[in-house]
Amino acid sequence: MSSSPGSVLPPFDPSDPLGIDDLLTDEDLAVRDTVRGWAGDRVLPYVAEWYEKGELPGIRELARELGGIGALGMSLTGYGCAGASAVQYGLACLELEAADSGIRSLVSVQGSLAMYAIHRFGSEEQKQTWLPRMAAGEVIGCFGLTEPDHGSDPAGMRTRAKKDGSDWVLDGRKMWITNGSVAGVAVVWARTEDGIRGFVVPTDAPGFSAPEIKHKWSLRASVTSELVLDGVRLPADAVLPEVVGLKGPLSCLSHARYGIVWGAMGAARACFETAVDYAKSREQFGRPIGGFQLTQAKLADMAVELHKGILLAHHLGRRMDAGRLRPEQVSFGKLNNVREAIEICRTARTILGANGISLEYPVMRHATNLESVLTYEGTVEMHQLVLGKALTGLDAFR
């Protein structure tokens with residue numbers, strides 16, 4: 001039996017075909033609606049123009065507004081952070097990326113990388129100094145791990161920190177750093193005699209610069225920079241005291257990747273909804289193209305992958321809230337959801353035909369953004385190998 005005798009089934013909801021909203025609490029829905037409303041007012045009317053110009057004007061104002069709705073470091077506790085659940089943070093990422101991946105990247109780097117590193121590994125003084133202002137959006141943070149020659153293999157980093165008396169002196173370069181040229185603080189990972197350590201670097205320190213990277217064809221409504229550290233002198237207490245080795249930056253990346261699992265489904269949802277609306281209004285051969293079998297097959301397949309991905313994200317969020325989420329499971333989610341999101345965007349483009357390449361619609365913007373999301377914080381190949389090692393017990397990285 002599909003239902004109890006005498007029961008009345010709820011109507012089918014095309015926007016929530018699996019009834020996933022039934023899994024959400026009233027507080028979850030309130031968080032989602034708040035972020036969706038903010039993105040609808042402050043991003044969606046302008047983001048196509050930002051993307052076309054390759055800029056994110058008013059980023060500091062946007063950061064303060066995001067802080068005002070509790071979206072920065074929202075899953076962290078204390079120090080002005082919202083203390084939201086992992087599921088609520090995920091829902092926020094989904095809604096932000098439904099607007100644009102660049103906006104979700106701003107929030108992810110601020111909260112899940114820079115703030116998370118200080119919150120988990122920093123001293124009490126570092127936390128008190130930076131986290132309240134970062135949570136409020138008064139200070140933007142960035143996270144310096146990737147280098148020009150070392151992305152998937154951060155163990156080979158060349159940035160070094162040497163002791164000079166009680167001070168540290170940092171030299172090196174970091175590449176593809178979101179928020180870099182607008183950040184007030186950078187969490188920079190460097191090689192020391194004792195191993196890889198994290199440093200809290202005020203960006204007004206002499207020898208620090210962050211030239212912006214131009215000529216991007218993806219994440220154009222996002223600030224991306226190089227970090228140059230030329231003899232940057234820091235006091236002894238600039239180092240993050242609670243971690244040594246790659247487990248520090250990798251744990252931060254795992255937290256940020258979790259947000260991507262949700263966020264990618266936001267980009268996919270925006271493209272799917274655009275395709276459905278277009279298919280119902282665009283007429284060819286005397287009727288809407290949504291009435292043709294081939295178009296309906298595309299929409300059905302897109303819906304299946306979209307809502308499977310949201311279910312996966314929700315499952316991982318509940319595991320994170322229960323303290324049971326493993327890094328391999330985050331790799332599972334990132335690998336599947338970004339890959340499927342790109343395929344949904346590409347299929348949506350075929351439904352829109354030539355209009356699919358126009359910035360009057362969000363499809364091509366999301367598709368090109370997701371090409372960056374596919375690569376950053378772990379390429380497809382790296383997540384496949386993480387899962388391959390977990391499944392076989394054999395390390396294929398080296």
If you group Ile, Leu, Val, Met, Phe, Trp and Tyr whenever their side-chain heavy atoms sit less than 4.5 Å apart, what else falls in with Leu229?
-> Trp168, Leu170, Ile177, Val188, Phe199, Val201, Phe208, Leu227, Val232, Leu234, Val239
What do you reckon, is CG of Leu391 surrounded by more than 12 foreign heavy atoms closer than 6.0 Å?
-> yes
With sequence neighbours left out, write down each residue that passes side chain to side chain donor-acceptor pair (under 3.5 Å) with Thr25, or none if nothing qualifies.
-> Asp28
Which pairs with one or both residues in residues 176-197 pass side-chain hydrogen bond (donor to acceptor under 3.5 Å, both in side chains), sequence neighbours excluded?
-> Ser181-Ser225
d(Leu91 CG, Met74 CE) to nearest 0.5 Å is 8.5 Å
Excluding sequence neighbours, so at least two apart, what forms ring-ring contact (aromatic ring centres under 6.0 Å, His included) with Phe121?
-> none
Determine which pairs satisfy ring-ring contact (aromatic ring centres under 6.0 Å, His included) with at least one residue from residues 346-374, sequence neighbours left out, and list them in order.
-> Tyr278-Tyr361
If only atom types and distance count, is the side chain of Arg319 paired as donor or acceptor with the main-chain N or O of His315 below 3.5 Å?
-> no
side-chain hydrogen bond (donor to acceptor under 3.5 Å, both in side chains) contacts touching residues 286-304 (sequence neighbours left out) = Lys298-Thr350
Using the ring of Trp38 (Phe, Tyr or Trp, six-membered ring only), decide whether Arg36 places NZ or CZ under 6.0 Å from its centre and within 45 degrees of its axis.
-> no
With sequence neighbours left out, write down each residue that passes side chain to side chain donor-acceptor pair (under 3.5 Å) with Glu49, or none if nothing qualifies.
-> Lys53
With sequence neighbours left out, the residues meeting side chain to side chain donor-acceptor pair (under 3.5 Å) with Arg349 are none
Heavy-atom donor-acceptor pair, Glu52 side chain to Leu359 backbone, under 3.5 Å = no
Quick one: side-chain hydrogen bond (donor to acceptor under 3.5 Å, both in side chains) pairs with a partner in residues 129-139, sequence neighbours left out?
-> none
Measure across Arg120 and Ser251 and return the closest heavy-atom pair with its distance rounded to 0.1 Å.
-> NH1-CB, 3.5 Å
Remaining members of the apolar cluster that contains Ile357, side-chain heavy atoms under 4.5 Å | Met364
Check the hydrophobic clustering (I, L, V, M, F, W, Y; side-chain heavy atoms under 4.5 Å; chains of links allowed) and say if Met157 and Leu250 are grouped together.
-> yes
Considering only heavy atoms from C-beta outward, does the side chain of Leu246 approach that of Pro154 to under 4.5 Å?
-> yes
Thinking salt bridges, do Glu305 and Lys308 make one under a 4.0 Å N-O criterion?
-> yes
Plane angle bin for His307 and Phe272 - parallel if under 30°, tilted between 30 and 60°, otherwise perpendicular = perpendicular
Validation row: Leu312, Phe332 side chains within 4.5 angstrom (heavy atoms) | yes
Measure across Leu219 and Ser105 and return the closest heavy-atom pair with its distance rounded to 0.1 Å.
-> CD2-OG, 4.3 Å
Is there a donor-acceptor pair under 3.5 Å between the side chain of Glu242 and the backbone N or O of Gly122?
-> no
Any side-chain heavy-atom pair of Tyr79 and Gln128 under 4.5 Å = yes
Looking only at non-hydrogen atoms, find the nearest pair between Leu113 and Cys252 and report the distance.
-> CD2-O, 3.5 Å
Taking only residues two or more places apart in sequence, or in another chain, which ones meet Lys334 in a side chain to side chain donor-acceptor pair (under 3.5 Å)?
-> none
Does Glu95 reach the main-chain N or O of Asp33 with its side chain, forming a donor-acceptor pair under 3.5 Å?
-> no
Report yes or no: does Asp171 contribute a side-chain atom to a donor-acceptor pair with the main-chain N or O of Arg160 at less than 3.5 Å?
-> no
Quick note, side-chain hydrogen bond (donor to acceptor under 3.5 Å, both in side chains) partners involving residues 257-266, not counting sequence neighbours, are Tyr258-Trp262
Heavy-atom donor-acceptor pair, Asp164 side chain to Val169 backbone, under 3.5 Å | no
